[in-house]
Amino acid sequence: MAQRLVLRRFLSISPQKLSVPPVSILSKVLAAPCYPRSLVPLTQITVPASIRTFSTTPVCRATFNIQDGSDFQDRVVNSQKPVVVDFHAQWCGPCKILGPRLEKMVAKQQGKVLMAKVDIDDHTDLAIEYEVSAVPTVLAMKNGDVVDKFVGIKDEDQLEAFLKKLIGA
């Protein structure tokens with residue numbers, strides 16, 4: 001709703017009040033996925049053909065949320081790369097500290113390792129299968145097998161050693 005109000009207010013400004021040409025601003029507005037195109041009448045906009053307003057480049061993310069058991073099987077167990085599996089819960093305070101810290105360390109590895117996040121409240125079956133008795137629990141998996149594991153919070157040096165061991169293991 002707020003986005004619509006901002007867009008309507010923006011479109012009500014006359015071109016004389018703008019300090020930059022309206023075509024460049026409107027092309028940026030149209031490229032943003034959060035603004036519905038139905039609010040902007042296309043007959044009023046002239047965008048030169050040389051300006052590309054939308055890109056469909058796929059983004060490869062090192063961190064992903066597990067949706068169900070088959071998703072876990074496909075993306076973790078059958079993965080060609082080593083995977084760090086973070087079993088966490090929304091209500092868990094230490095999980096909220098460890099999660100971003102672990103994501104940051106995985107991102108530093110530049111694609112050598114992936115990270116799967118599993119909410120134990122949504123995926124109790126996976127938590128039972130991998131013997132998760134407390135959260136946060138982090139598993140290191142390679143070729144579908146658990147090669148290392150820790151429970152609780154670790155500092156960045158310990159996380160880095162954990163990841164290096166997984167990559168080199």
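Atoms considered below: every heavy atom in the structure, side chains included; atoms not considered: hydrogens, waters and symmetry mates.
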Taking every non-hydrogen atom, the tightest pair across Gly152 and Leu98: O-CD2, 3.7 Å
Within one Ile-Leu-Val-Met-Phe-Trp-Tyr cluster: Val106 and Val147, side-chain cutoff 4.5 Å: yes
Gap between atom CG of Asp119 and atom CD of Gln67 - 0.5 Å precision: 11.0 Å
Taking every non-hydrogen atom, the tightest pair across Pro100 and Cys95: CD-O, 4.3 Å
Pair Ile120-Tyr130, side-chain contact (heavy atoms from CB on, under 4.5 Å): steps then yes or no: CA-CA 11 Å; Ile120 63 163; Tyr130 287 94; over 6 Å; no
Steps toward side-chain contact (heavy atoms from CB on, under 4.5 Å) verdict (Ile66, Phe87): CA-CA 10 Å; Ile66 295 299; Phe87 285 92; over 6 Å; no
Minimum heavy-atom distance between Pro82 and Val113, given as atom pair plus value: O-CG2, 3.3 Å
Pairs involving residues 98-109, ordered by first then second residue, that meet side chain to side chain donor-acceptor pair (under 3.5 Å) (sequence neighbours left out): Glu103-Lys117, Lys104-Glu156
Single-linkage hydrophobic cluster, 4.5 Å side-chain cutoff, Val146 and Leu114 together: yes
Shortest non-hydrogen contact from Gly111 toward Lys81: O-NZ, 2.8 Å
From Leu102 atom CG to Met105 atom CE, the distance as rounded to the nearest 0.5 Å: 9.0 Å
Test applied, side chain to side chain contact (heavy atoms under 4.5 Å, CB included); reference residue, Lys149; option that passes from Thr137, Val85, Val138: Thr137
NZ-CD distance between Lys154 and Glu160, expressed to the nearest 0.5 angstrom: 15.0 Å
Intermediate values then yes/no, side-chain contact (heavy atoms from CB on, under 4.5 Å), Phe64 and Arg75: CA-CA 9 Å; Phe64 52 90; Arg75 297 173 83 178; 3.1 Å; yes
Phe72 to Met141 - nearest heavy-atom pair and separation: CZ-SD, 4.1 Å
Worked verdict on Val84 versus Leu163 for side-chain contact (heavy atoms from CB on, under 4.5 Å): CA-CA 8 Å; Val84 174; Leu163 292 174; 3.3 Å; yes
Within one Ile-Leu-Val-Met-Phe-Trp-Tyr cluster: Val77 and Val83, side-chain cutoff 4.5 Å: yes
Minimum-distance pair of heavy atoms, taken over all atoms of Gln90 and Lys96: O-CE, 2.9 Å
Members besides Ile153 in its Ile/Leu/Val/Met/Phe/Trp/Tyr cluster (side-chain heavy atoms under 4.5 Å): Ile97
